[in-house]
Amino acid sequence: FNSSSSNNNNNNHINSSKGHGYPQMGGSHLANAEAAIRHWDTSEVESLPELQIQPSDVEYLGEGNANIVVGYRGSNPSLKGCALRLRKGDSTRLQADWRYSCEVIAQLFGPEYLEACSLVRLARSQVAAIDEAIFSLRPAERRKKRLTSESDPSTPSSEPILALKMTELTKTFVPKAKLLTVELKPKCGLIERRGLPSRYQMLQHWKKQNAKIDTISNYDPVKLLSRGPTDAAEGVLAALEEPQNNIRVALDGQWIFPATPSTSSSATWQAQLPSPQLPDKEALASFLGEALAGPSGPLRERLRRVQAWASGDAEKLVDQLYNFLKLHLGAEKTDAILQDVSTFQQCLADFEHCPCDETGIDAAVAAMDGLVTAASVEPWSEELQHEMQRWCCRFLLGRCANDLGLMVNVLVPGLAQQHAESEEDFVAQLIAARYKPLRGLWYRISIIDADRKSPEKIPEYASQLDTYVEAYRQRFSSSAAQGTGGHIEGIVYDGDVVWKKDQGGERGWKELSFLRWAAEDAHCRHIVPSLIGYRRTDDVGHIGMENLLAGLKLPSFVDVKMGTRTWGPNASPEKVRSQASKAKLRTTGLLGFYIVSGKYRSGEEILHVGPDVGKELKDRAEVRRFFQGFLHTESLRKSAQKGLQSVRSWWQEQDRYAFYASSLFFSYDHCLESPTCKVKMIDFTHAEAITDKSEDLSGYRFGLDQLEMMFASLVQ
């Protein structure tokens, strides 16, 4: 990290060092950071360099919950290749964020993995103009938070706004070279409950059950952060196969994967890979696996060491520690202490000796449990308070390690190396910019998004792992749960009623609004679950609907997601790209529907289908074979055909709604001698109100056509 007054041009700001092991600038980075902190006076904001930037000089790159990043595209040579990180709302927190990165994150993970940055200031009017210019480019769900804190009347209009100036990591400073950038979100690489999968894999089932995702990813952070390059490569490849905000790829500053309108298939983006050494995604995964888990990569151990502090039952125990601190110090003072950079510094004492595997979880849990016991049976003391603060901060650092990102730059020298003045100078320049050689290419790894976690989120964290474990245990029964009073996250089965958690916002309103309207439509009542009511428990709303599996002793069912488009007309560009990419890998485009999940009996065997159980139906022949087995009698096939015709008849006549990402639910009781199949429409969180049928772009009709033809062929 550079001090605020240091030069940060074209990546030449990084000095080489004679650090231990492979030549890198670890010592230089750390020295710069320490020097900057020693001489930093937080009251002297006026001493920071002030940038003159117009809205036309910047390009919107992306954002998280707290910050927006823009790239500089103006003519100022001192800002060429730079990006600005602007905080939403109060920008003064950037001072503490900058110190946190320099003094804590660099020490935890190694300054060799951090790119230089510096604090700068901008006129409030400039930031307001930038905010206005990029507003329409931002995701709709993020627009509530703006860059300027106009809502605070105490903020003087003349007060400058702080920003972090950094290198734009997706752009190369080497002329005539190609730069491939892979952004990864590793997540927790430890097994937190013995005998169960990783937290991420269990979270997938929770998301699936709560309609957050449609397909379970096979990505496993434990493999990515393993000691072996082969396992790490498998982890990368799984993320590439089913990306869920945990991986994306850019070429020379342009994101090419997941799909964009100009690169809508895996074949297209793979064709853009810039080197014979990386001909396809398998080769890219192999390269990244060696870069992340090879002998020169200590980052995996450092990440897992810190992740252990927030794993397993640590999240329950830290909630108790947090409550003890609030009891003795007050909530406001406790939160202030747990956000102070100096408190984080104190918790790093001897951290290098902490284990970097699952034994680290045991050690952290034992330490926290000991503190809970001490606070319960011993007098309160300053020493006890400091230990509690230390472990609370370690926990927050562990959560930071779980959520941070890795930016891997792969530089293909190409003609750049041939035109360099000398091979020695060319190599020295790359090493000074933190690059390492591998398989004839050069790569560097940068930690990004390592932001401080708020202590106020500790109560929210306390039950997360238990929630995901329960969802995982219910993975085969969640769709088939009957009226047993059982409970999974978001769904409560209560006899003949299913209470579904209100999705909130526009999605929840759309579902409830449609169900209320359908209850008044006599023709609709037979094809849509009856609306039972609405209730609130502990400030959480639930929509009560008819339980379609109630009374079935041996339920067989299939959930069929309808339409060629699973996104509504108001979906963000990111949502459109993501859903369009997934649709190309499924039967959505081919058939106008795809099988989400299903279960039926074949003799004494219970068969499951669907992506979440690793049995995705990928083409017309596989889907037809499934329905041939699912509808295994003439009465089942004719009743399913009749139910589908009822849906079509109603759907064609109504012109009030277009159904995106809605499903048809087929069900029957296998134990009956001559069962009949019922067909109902479900999932209405994207039921869009229309005034004319021409506004319906869902492709629902095409899906109905294909299903009817398939059922007709089965009956014949």
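All residue numbers refer to positions in the sequence shown, counting from 1. Everything numeric here is computed off the predicted structure, so don't read it as measured data.
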Legend entry - Worked check of salt bridge (Lys or Arg N to Asp or Glu O under 4.0 Å) between Glu63 and Arg143: CA-CA 10 Å; Glu63 64 185 282; Arg143 293 176 187 170; over 6 Å; no

Inset, instruction - Please step through side chain to side chain contact (heavy atoms under 4.5 Å, CB included) for the pair Arg444 and Lys436, ending with a clear verdict. - result: CA-CA 6 Å; Arg444 69 178 173 191; Lys436 298 179 180 181; over 6 Å; no

Inset, instruction - Using the side chain to side chain contact (heavy atoms under 4.5 Å, CB included) rule, take Ile337 and Cys392 through it: C-alpha gap first, then chi angles, then the decisive distance, then the call. - result: CA-CA 10 Å; Ile337 290 173; Cys392 283; over 6 Å; no

Inset, instruction - Show your reasoning for whether side chain to side chain contact (heavy atoms under 4.5 Å, CB included) applies to Tyr113 and Leu108. - result: CA-CA 10 Å; Tyr113 294 108; Leu108 272 181; over 6 Å; no

Inset, instruction - Give the C-alpha distance, both sets of side-chain angles, the deciding distance and a yes or no for salt bridge (Lys or Arg N to Asp or Glu O under 4.0 Å) between Arg85 and Asp97. - result: CA-CA 11 Å; Arg85 178 176 177 175; Asp97 291 343; 5.4 Å; no

Inset, instruction - For the pair Glu506 and Lys510, evaluate salt bridge (Lys or Arg N to Asp or Glu O under 4.0 Å) and give the outcome as yes or no after the intermediate values. - result: CA-CA 6 Å; Glu506 189 176 9; Lys510 285 178 180 177; 3.3 Å; yes

Inset, instruction - Take Asn67 and Leu164 through the test side chain to side chain contact (heavy atoms under 4.5 Å, CB included) and record every step on the way to the result. - result: CA-CA 10 Å; Asn67 302 283; Leu164 278 176; over 6 Å; no

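Counting heavy atoms from C-beta outward, Ser217 and Tyr200 have side chains that approach closer than 4.5 Å. Considering only heavy atoms from C-beta on, Ile53 stays 4.5 Å or farther from Val70 through its side chain. Proximity of Pro186 to Arg300: side-chain heavy atoms (C-beta onward) are nowhere separated by under 4.5 Å. Counting only heavy atoms from C-beta outward, the side chains of Ile130 and Ile68 never approach each other to under 4.5 Å. By the 4.5 Å heavy-atom criterion applied to side chains, Asp451 and Cys400 are not counted as neighbours. Put simply, the side chain of Lys281 does not reach to within 4.5 Å of the side chain of Phe257, judged on heavy atoms. Residues Leu303 and Leu404 are in side-chain contact: their nearest non-hydrogen atoms beyond the backbone lie under 4.5 Å apart. In this structure the side chain of Lys187 never reaches within 4.5 angstrom of the side chain of Leu203, judged on heavy atoms.
Taking every heavy atom of both residues into account, Gln464 and Glu460 meet most closely at CG-O, 3.5 Å. The two residues Gly440 and Pro413 come nearest to each other via the heavy atoms O-CD, 4.4 Å. When all heavy atoms are compared, the tightest approach of Tyr60 to Leu137 is CE2-O, 3.7 Å. Across all non-hydrogen atoms, the minimal contact from Leu284 to Leu278 is CA-CD2, 3.9 Å. Residues Cys347 and Leu397 approach most closely at SG-CD1, 3.6 Å, considering heavy atoms. Contact record, Cys393 with Leu338: SG-CD2, 4.0 Å, taken as the closest heavy-atom pair.
For the residue pair Thr167 / Glu115, a side-chain donor-acceptor distance below 3.5 Å is found, with atom types taken as modelled. A donor-acceptor contact closer than 3.5 angstrom links the side chains of Asn65 and Lys145. Side-chain atoms of Thr566 and Gln579 form a donor-acceptor pair, as typed in the model, at a separation below 3.5 Å.
In summary, of the residues considered (Asn246, Asn402, Asp449), a side chain to side chain donor-acceptor pair (under 3.5 Å) with Lys185 occurs for Asp449 alone. Applying side chain to side chain donor-acceptor pair (under 3.5 Å) to Thr181 and the options Thr172, Asp252, Thr170, Asn409 leaves one that passes, Asn409.
To the nearest 0.5 angstrom, Gln307 atom CD is 9.5 Å from Asp403 atom CG. Rounded to the nearest 0.5 angstrom, Tyr219 OH and Leu224 CG are separated by 4.0 Å. In this structure, the separation between CG on Leu94 and CG on Leu86 is 8.0 Å, given to the nearest 0.5 Å. Here the CZ-CG distance, from Phe109 to Leu406, works out to 9.5 Å after rounding to the nearest 0.5 Å. Atoms NZ and CG, from Lys88 and Asp131 in turn, are 10.0 Å apart once rounded to the nearest 0.5 Å. The structure places CG of Leu84 at 9.5 Å from OH of Tyr72, a figure rounded to the nearest 0.5 Å.
In terms of modelled atom types and a separation under 3.5 Å, the side chain of Arg304 and the main chain of Leu225 share a donor-acceptor contact. At distances below 3.5 Å, not a single donor-acceptor pair connects side-chain atoms of Arg73 with backbone N or O atoms of Ser56. In this structure a side-chain-to-backbone donor-acceptor pair under 3.5 Å is missing from Arg577 to Pro258. In this structure a side-chain-to-backbone donor-acceptor pair under 3.5 Å is missing from Arg399 to Ala310.
The side-chain tip of Arg439 does not point at the ring of Phe287 from less than 6.0 angstrom away and within 45° of straight on. At least one cation-pi condition fails for Arg565 and Tyr660: the charged atom is not both under 6.0 angstrom from the six-membered ring centre and inside a 45 degree cone around its axis.
The aromatic rings of Phe344 and Tyr100 lie perpendicular to each other, with more than 60° between the two planes, well past the 30° mark.
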